[in-house]
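Following: one structure in C-alpha cells, then a few remarks.
Bear in mind the structure is a predicted one, so any value in this text is a computation, not a measurement. Order of appearance sets the numbers: ligands from 1, and atoms from 1 within every ligand.
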Amino acid sequence: MISHSKPTIKKEEIEAVSNVLRQGFISQGPLVRQFEEKFCKFMASHYAQATNSGTSALHLALLALKIKPADEIIIPSFVCTAVLNAVNYLRAIPKLVDINAHDFNINPESVENNISSRTKAIIVPHMFGEAADMTALLKFRIPIIEDCALSPGATFKNKKVGSFGLISIFSFYATKMMSTAEGGMVVTHDRAIYSFIADLTDYDNKQVYRVRYNYKMNELAAAMGIEQLKKLKSFILHRQKIAAMYNNGLADLGIKLPSSNNDKAHTYFRYIIRIPEKADVLITKLNQVSIEAKKPIFKPLHNYLGLKDQDYPVTSQVYKTALSLPIYPSLTDRQVKFIITKVRQVLKS
Ligand SMILES: *Cc1c(COP(=O)(O)O)cnc(C)c1O
C-alpha cells in the first residue's frame with residue numbers, strides 16, 4: 001500500500017531521541033527551550049512557546065485574547081474539527097464562513113459578511129501548504145490567529161505565514177510538515193501575550209493560583225523537533241518536486257490541479273485535485289490498486305453543525321469534488337509515476 005501521508009524519520013531523529021532516553025531527563029527541559037529558540041529564529045519572531053499539540057496551542061491563543069462566552073470567532077467551514085474544538089473550549093460562538101475554490105482558504109468576502117460587533121478574532125488556517133490572502137484579511141482590523149498547522153515555511157508576498165497575525169500556532173502531529181509525534185508551538189511578537197501563554201502552559205511552581213493547563217512539550221518531542229526543523233527546507237523542496245511531477249503527469253486530463261500564484265510559495269502539505277462527478281470513484285479505484293487517496297478533510301464543519309450546504313456553496317462543492325493524492329518526502333519517483341499512471345487509467349476509462 002502506498003500511504004496517503006507519512007512522517008520522515010531518519011537516523012538523526014532516532015539518535016536525538018535515544019540520547020534523551022539514555023541521559024534520562026525526559027520532561028520539559030533544555031531541549032524544549034532550544035527548540036523554542038530555534039523556532040523563533042526560523043519565524044523571525046520574538047517569542048515561542050512549545051506545547052503538546054496544535055490544539056492546545058490554539059486553545060492558549062484564544063485564552064490569551066481573553067475570549068469570553070458568547071464572543072464570536074470566525075473560522076472557515078473547510079478545516080478539521082480541532083479548530084472548532086478550541087472555540088468551543090471557551091464557550092465562544094464559532095461563525096463558520098466559506099472558502100475560495102482556488103486555494104481552499106478562508107474567503108475574505110465571506111469573512112466580511114460575518115463580522116459583527118461581537119467578533120473578537122478570526123482564525124485563519126493556511127490550508128494544505130498555501131497561504132490565505134493576508135492583505136485582504138488584515139484590512140478588517142480584527143485580531144488574527146494564524147493557524148499554520150499545515151504550512152510552516154509557506155510564504156505570502158515573501159513573508160512566512162505565521163508572521164502576519166497577532167498570534168500564530170503550529171502543529172507537529174505525526175504526519176504534518178514536520179513532526180514531534182504530537183506537539184505544537186505558539187508564536188507571537190507580543191510580550192504580554194507570550195508571558196500569559198507561558199504561564200498557563202505549566203501548572204507547577206506558581207505563587208498564585210489560577211486555572212492553568214498541562215500543555216507542556218517534553219524533551220523527547222523537542223529533540224525530534226530540533227532535527228525536523230533543520231530538514232524542513234529540504235522537506236518542502238522535495239514536496240515541491242513531487243508536485244511538479246504530478247503537475248506534468250496530469251496536465252492534459254482536464255481536471256483542476258493546484259493553483260499557482262506568484263505571491264505565494266506553496267509547500268504542498270497536500271496535493272489536491274478536483275474532479276467533478278468522479279472524485280469518489282477515483283478514491284475507491286486508487287484504493288483498489290493499493291494507493292491511499294483521500295478527501296482532504298473528513299467532513300466540513302457546517303455539516304457537523306447541521307448548517308445548510310447552500311450557505312457554504314464553495315465548501316460543499318470542494319468537498320464533493322476534491323481528492324488528495326499521496327505526497328511526502330519519502331515517496332519515491334517510482335511511486336509517483338505509478339500513481340500518475342493509475343490516475344490516468346481511471347480517468348480515461
Ligand atoms: C492538525 C491541525 C490542528 C491541530 O493540531 P494537533 O496537533 O493535531 O492538535 C489545528 N489546525 C489545523 C488546520 C490542523 O491541520
Please determine if K160 forms a cation-pi arrangement with F42, meaning its NZ or CZ atom is less than 6.0 Å from the six-membered ring centre and no more than 45° off the ring axis.
yes

Return yes if a side-chain donor-acceptor contact under 3.5 Å exists between D309 and N303, otherwise no.
yes

Enumerate, one pair per line, all nitrogen or oxygen atoms of ligand 1 lying under 3.5 Å from a protein nitrogen or oxygen, stating the separation to 0.1 Å; write 'none' if no such pair exists.
from, atom 1, to, atom 2, distance (Å)
ligand 1, 5 (O), S171, OG, 3.3
ligand 1, 7 (O), G54, N, 2.8
ligand 1, 7 (O), S171, OG, 2.7
ligand 1, 9 (O), G54, N, 3.3
ligand 1, 9 (O), T55, N, 2.8
ligand 1, 9 (O), T55, OG1, 2.5
ligand 1, 11 (N), D147, OD1, 3.4
ligand 1, 11 (N), D147, OD2, 2.6
ligand 1, 15 (O), K176, NZ, 2.9

Distance only, no hydrogens: is a donor on one side chain within 3.5 Å (strictly under) of an acceptor on the other, for H4 and S324?
yes

Pair D333 + K241, salt bridge at N-O below 4.0 Å
yes

Using the rule given for side chain to side chain donor-acceptor pair (under 3.5 Å), can you reason through N287 versus K285, listing the C-alpha separation, both sets of side-chain angles and the distance that settles it, and then say yes or no?
CA-CA 5 Å; N287 289 346; K285 295 219 164 144; over 6 Å; no

F172 and its side chain to side chain contact (heavy atoms under 4.5 Å, CB included) partner, picked from M185, M177, Q228
M185

